[in-house]
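First the structure, in the form of structure tokens, and then the observations on it.
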Amino acid sequence: MKSFLLKCTAFIVLLLLVVVGIRTIIVRQKQNPNRYKLDASVEHIILGHSQPECGLNDSLIAHTKNFSQGGEAYFYTYTKLKKLIEVNPKIKTVYLSFSNNQLEQKMDEWTFDAVYINDKYPAYFFAMDWKEKKLLWKHNPKAVLQSEQLLLKNNLVDLVKYKGKIRPEIYWGDYLYLKRQKTDSLIQVNYVQTIVKERGKGISEINLTYLKKIVHWCKEHNIQLLFYRTPVHTVLSETYDEKAFDSIRKKHFSTVPFLDCIDFPLSNEEFGDFDHLNYKGARKFSSFFNQLVQQKSPLNLK
């Protein structure tokens, strides 16, 4: 019996050492700065969630790379931003999405729910500060453990496939070419009422906290930060509490320039749905955004 226990203990210790070793290899490779170096021509980056992911075609915007990603809370944007600037100090300007839904209570879910942790943690864990990791552990330890298993599993496949290396490319966001055109059908079924019902009440304190952290970090590192809001169909924008939104912006972020494009003129066929542009709308809006980027003192800033 004693011999059996010793063998089990030895096996468990060996297994743990193997897991730790594999994870160390993964972390070291993911921390390699060369993986995050941008083209020398890139001077500006765009950050945000699915609205700018679909709405800003960076191939039409000079010296700019779009790193927006659907379902991304400011908690994860904060980590992404710091790593990109660390590796690419030539970046002069950060355009950060600041929209109504990014203040909603559901952003807590985007930060701490399992589906979002499992999606974002494997991509950003190595760049996170201990403080951020601790916060995730505190709110959803089960999801963090699941994510650790996912990152080991997925990267182990790469280590075998690529002979000791994980694939060089990263996906931290990009422009998403959206073809759909559902606005008319959504209006017919009055889908906006479903959106309003699901909106809930209150604001996301965690998203607001990390937005403040982003603003503070950019100021400390002399990075020009500008907020922007992408176009939204009037059927949806009319349901927004603009007074509350503007109150939060003026109270906490009055010093951050705000490029408010919520009412940018677009037809129904240029929207994919109420708050996402399809490729037609993105082409039109991105051309406008490009003109602003190329001006030293952008117009229409609040």
Side-chain angles (χ1 to χ4, degrees), residues 45-56 65-85 94-148 150-151 170-176 195 198-218 223 225-230 232 236 240-241 244-245 248-249 252-253 256 258 275-276:
I45 58 174
I46 296 168
L47 301 175
H49 55 353
S50 60
Q51 291 175 6
E53 179 185 33
C54 299
L56 287 168
K65 179 74 178 76
N66 188 349
F67 280 100
S68 302
Q69 190 172 32
E72 183 171 285
Y74 289 132
F75 176 89
Y76 300 100
T77 304
Y78 177 64
T79 292
K80 177 196 293 183
L81 166 66
K82 292 192 297 179
K83 188 65 177 179
L84 287 173
I85 299 296
V94 172
Y95 293 94
L96 180 66
S97 174
F98 179 65
S99 64
N100 301 69
N101 66 352
Q102 287 174 293
L103 297 176
E104 293 173 7
Q105 191 71 48
K106 69 179 180 181
M107 292 296 111
D108 289 2
E109 299 174 12
W110 285 27
T111 307
F112 298 126
D113 274 19
V115 64
Y116 294 99
I117 292 178
N118 289 341
D119 181 45
K120 307 300 182 187
Y121 183 85
Y124 300 124
F125 78 99
F126 69 93
M128 285 182 179
D129 293 336
W130 172 245
K131 198 175 194 179
E132 276 64 63
K133 292 179 181 177
K134 185 179 178 181
L135 190 61
L136 290 180
W137 272 100
K138 178 183 177 181
H139 284 268
N140 200 336
K142 182 179 179 182
V144 176
L145 286 173
Q146 290 173 339
S147 297
E148 284 285 347
L150 280 172
L151 74 88
I170 61 166
Y171 183 72
W172 273 12
D174 204 347
Y175 165 63
L176 178 62
I195 297 175
E198 294 176 348
R199 186 176 291 162
K201 296 180 180 180
I203 65 171
S204 172
E205 292 296 338
I206 186 65
N207 226 34
L208 189 60
T209 294
Y210 272 86
L211 180 55
K212 291 176 183 177
K213 283 179 175 285
I214 290 172
V215 172
H216 180 71
W217 190 90
C218 286
I223 301 296
L225 175 67
L226 294 93
F227 287 170
Y228 66 90
R229 186 161 58 160
T230 50
V232 172
L236 179 60
Y240 287 160
D241 187 343
F245 177 80
I248 291 172
R249 183 182 68 82
H252 300 288
F253 311 109
V256 181
F258 181 40
D275 55 355
H276 297 92

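Computed from heavy atoms alone, side chains included, the values below leave out hydrogens, waters and symmetry copies. The shown structure was predicted, so the numbers you read here are calculated from the model rather than taken from an experiment.
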- Hey, would you say the W110 and F75 ring centroids sit under 6.0 Å apart? no
- Query: Does the ring center of F245 lie less than 6.0 Å from the ring center of Y240?
  - Reply: no
To the nearest 0.5 Å, what is the distance between [atom1] ([X]) and [atom2] ([Y])?
X    : Y    : atom1 : atom2 : value
L84  : T79  : CG    : OG1   : 10.5 Å
E104 : S204 : CD    : OG    : 10.0 Å
L226 : F98  : CG    : CZ    : 13.5 Å
Q105 : N207 : CD    : CG    : 10.5 Å
E205 : L103 : CD    : CG    : 10.0 Å
L136 : M128 : CG    : CE    : 5.0 Å

Output yes when a side-chain donor or acceptor of [X] lies under 3.5 Å from a complementary backbone atom of [Y], and no otherwise.
X    : Y    : answer
Y74  : L208 : no
N66  : P52  : yes
K120 : A73  : no
E53  : G70  : yes
K133 : F125 : yes

Would you mind reporting whether [Y] and [X] have side-chain heavy atoms less than 4.5 Å apart?
X    : Y    : answer
E198 : I195 : no
H252 : I248 : yes
N140 : Y116 : no
E132 : Y210 : yes
Y78  : T209 : no
K212 : F253 : yes
Y95  : L56  : no
W217 : I85  : yes

- Using the side chain to side chain donor-acceptor pair (under 3.5 Å) rule, take S97 and Q51 through it: C-alpha gap first, then chi angles, then the decisive distance, then the call. CA-CA 8 Å; S97 174; Q51 291 175 6; 5.2 Å; no
- Query: Hey, are D174 and K65 close enough for a salt bridge, meaning a charged N less than 4.0 Å from a carboxylate O?
  - Reply: yes
- Task: State which residues pass side-chain contact (heavy atoms from CB on, under 4.5 Å) with L145; sequence neighbours excluded, sorted by chain then number.
- Result: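 W137.
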- Query: Who pairs with N101 by side-chain hydrogen bond (donor to acceptor under 3.5 Å, both in side chains), at least two apart in sequence or on another chain?
  - Reply: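 Once residues adjacent in sequence are excluded, the partners of N101 under the side-chain hydrogen bond (donor to acceptor under 3.5 Å, both in side chains) criterion are H49, S99.
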- Task: Mind listing the closest non-hydrogen atom pair of N118 and A143 along with its distance?
- Result: OD1-O, 3.2 Å
- Heavy-atom pair with the smallest gap, counting every atom of Y228 and S68: OH-OG, 4.0 Å
- Identified side-chain contact (heavy atoms from CB on, under 4.5 Å) partner of L81 from the options L47, L96, L225, I223: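 With L81 as partner, side-chain contact (heavy atoms from CB on, under 4.5 Å) holds for just one option, L47.
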